[in-house]
Amino acid sequence: MSLLPVIQRLTREGKQGRNYAVCEGRTRELRVIAYDRRGWGHSSQPAIGYNYDTFAADLHALMEKLDLRDAVLVGHSMGTGDVTRYLGRYGSGRVSKAVLISPMPPYLLSADDDPEGIPASMFDGFAAAAKTDRPSWLKGFLDNYYNMDVYGGTLVTDQAFQASFNVAAAGSAIAATECIPAWETDFRADVARFDVPVLVIQGDQDRVLPIQFTGQRLTALVKDLTFVVIEGGPHAVIWTHADQVNAALADFLK
């Protein structure tokens, strides 16, 4: 589950593009473009291309096709990898700021130069479970995505959970499994190329991409970074703590 909108400041009234109420009071100034990543939603479901080089190339094609400039890239979860690889590979010529919510970078995998990372065997287990019983694996993933044992029935209704499950289950079965190895992507070289202001928003109870492996590490790698930690927030802070996320985003966009 990931979110990847592109926000562009409007230069004149009547510019094409749909304005969404992402930040209250600013919708007349912003053009928000949200697209479905390959494999899900209304996008095609190819059998290949579920890696961050291709995801970034897809974003690049969108930026070029719509001729977007002075854009703010906003990614959530896996979408933060798209933003990071895009900036590392294509630069910031069309981008003024970046927002990483519940981030995946800089690098999750345990390695000789990163012994405190997550063992590769854990990702292998995820992939095996997704191939064996995808619906069951998706349900377990969403339990941790929302911290359902904490927020189920209060901040996350059964209907909201089911809606997320329906979106995930309707996606490509190939994408669901082929995306898992992409979690092992090393983004450190991309992060080193950041040259725009970056906002990181993350819950301190993120079980999918724990804050100690992700957001906290980014603070030491990115010079112009604002780090907003949401107390009690799960991975899906964009749903459970939407008001706090929107407030931080609106302040960053000023």
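The shown structure was predicted, so the numbers you read here are calculated from the model rather than taken from an experiment. When a residue number appears, it is its place in the shown sequence, counting from 1.
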> More than 12 non-hydrogen atoms from neighbouring residues, nucleotides or ligands closer than 6.0 Å to CD on Glu116, yes or no?
Replying inline: no

>> Parallel, tilted or perpendicular: which one describes the rings of Trp40 and Tyr50, with boundaries at 30° and 60°?
In response: perpendicular

Are the side chain of [X] and the backbone of [Y] linked by a donor-acceptor contact shorter than 3.5 Å?
| X | Y | value |
| --- | --- | --- |
| Arg38 | Ala175 | no |
| His76 | Ala236 | no |
| Ser92 | Asp195 | no |
| Arg94 | Leu68 | yes |
| Thr177 | Ala130 | no |
| Thr185 | Phe187 | no |

Less than 4.5 Å apart, side chain to side chain, heavy atoms only: is that true for [X] and [Y]?
| X | Y | answer |
| --- | --- | --- |
| Cys179 | Phe55 | yes |
| Phe252 | Pro197 | yes |
| Asn147 | Arg207 | yes |
| Arg188 | Pro105 | no |
| Met78 | Tyr52 | yes |
| Phe213 | Asp206 | no |
| Leu59 | Arg85 | no |
| Met148 | Val156 | yes |

> Does anything in residues 151-162 pair up under side chain to side chain donor-acceptor pair (under 3.5 Å), and if so which pairs, sequence neighbours excluded?
Replying inline: Gln162-Asn166

>> Go through it in stages, so that I can follow the logic: the residues are Tyr86 and Val95, the test is side chain to side chain contact (heavy atoms under 4.5 Å, CB included), and I'd like the CA-CA distance, side-chain angles, deciding distance and then a yes or no.
In response: CA-CA 10 Å; Tyr86 174 89; Val95 179; 3.8 Å; yes

Taking atom [atom1] of [X] and atom [atom2] of [Y], what is their separation to the nearest 0.5 Å?
| X | Y | atom1 | atom2 | result |
| --- | --- | --- | --- | --- |
| Leu73 | Thr80 | CG | OG1 | 12.0 Å |
| Ile230 | Gln205 | CD1 | CD | 12.5 Å |
| His60 | Asp53 | NE2 | CG | 13.0 Å |
| His241 | Asn246 | NE2 | CG | 13.0 Å |
| Tyr146 | Phe141 | OH | CZ | 10.0 Å |
| Trp183 | Leu108 | CH2 | CG | 9.5 Å |

Which atom names give the shortest non-hydrogen contact between [X] and [Y], and what distance separates them?
| X | Y | result |
| --- | --- | --- |
| Val237 | Ser102 | CG2-OG, 3.8 Å |
| Ala169 | Arg134 | O-NH1, 3.4 Å |
| Ser110 | Pro115 | OG-O, 3.5 Å |
| Asp186 | Tyr107 | CA-CD1, 3.3 Å |
| Leu155 | Trp239 | O-NE1, 3.1 Å |
| Ser96 | Val72 | OG-CG2, 3.8 Å |

>> Pairing donors with acceptors under 3.5 angstrom, does anything connect the side chains of Thr84 and Asp190?
In response: no

> Is it true that the side chains of Ser77 and Tyr145 contain a donor and an acceptor less than 3.5 Å apart?
Replying inline: no

>> Between Arg69 and Asp67, does the salt bridge (Lys or Arg N to Asp or Glu O under 4.0 Å) criterion hold? Intermediate values first, please.
In response: CA-CA 7 Å; Arg69 301 181 186 278; Asp67 193 23; 3.2 Å; yes

>> Just to verify, what does Lys139 make a side-chain hydrogen bond (donor to acceptor under 3.5 Å, both in side chains) with, not counting sequence neighbours?
In response: Asp143

> Under the side chain to side chain contact (heavy atoms under 4.5 Å, CB included) criterion, do Val228 and Gln244 qualify, and how do the steps go?
Replying inline: CA-CA 9 Å; Val228 175; Gln244 290 173 253; over 6 Å; no

> Do you know which of Ile201, Val200, Val83 makes side chain to side chain contact (heavy atoms under 4.5 Å, CB included) with Ile101?
Replying inline: Ile201

Using residues 214-222 as the side-chain source, report each donor-acceptor pair under 3.5 Å to any protein atom, sequence neighbours left out, with the distance given to one decimal.
{"unit_1": "Thr214", "atom_1": "OG1", "unit_2": "Gln202", "atom_2": "OE1", "d": "3.4"}
{"unit_1": "Thr214", "atom_1": "OG1", "unit_2": "Gln202", "atom_2": "NE2", "d": "3.0"}
{"unit_1": "Thr214", "atom_1": "OG1", "unit_2": "Leu209", "atom_2": "O", "d": "3.3"}
{"unit_1": "Thr214", "atom_1": "OG1", "unit_2": "Pro210", "atom_2": "O", "d": "2.9"}
{"unit_1": "Arg217", "atom_1": "NH1", "unit_2": "Asp114", "atom_2": "OD1", "d": "3.0"}
{"unit_1": "Arg217", "atom_1": "NH1", "unit_2": "Asp114", "atom_2": "OD2", "d": "3.1"}
{"unit_1": "Thr219", "atom_1": "OG1", "unit_2": "Gln216", "atom_2": "O", "d": "2.6"}

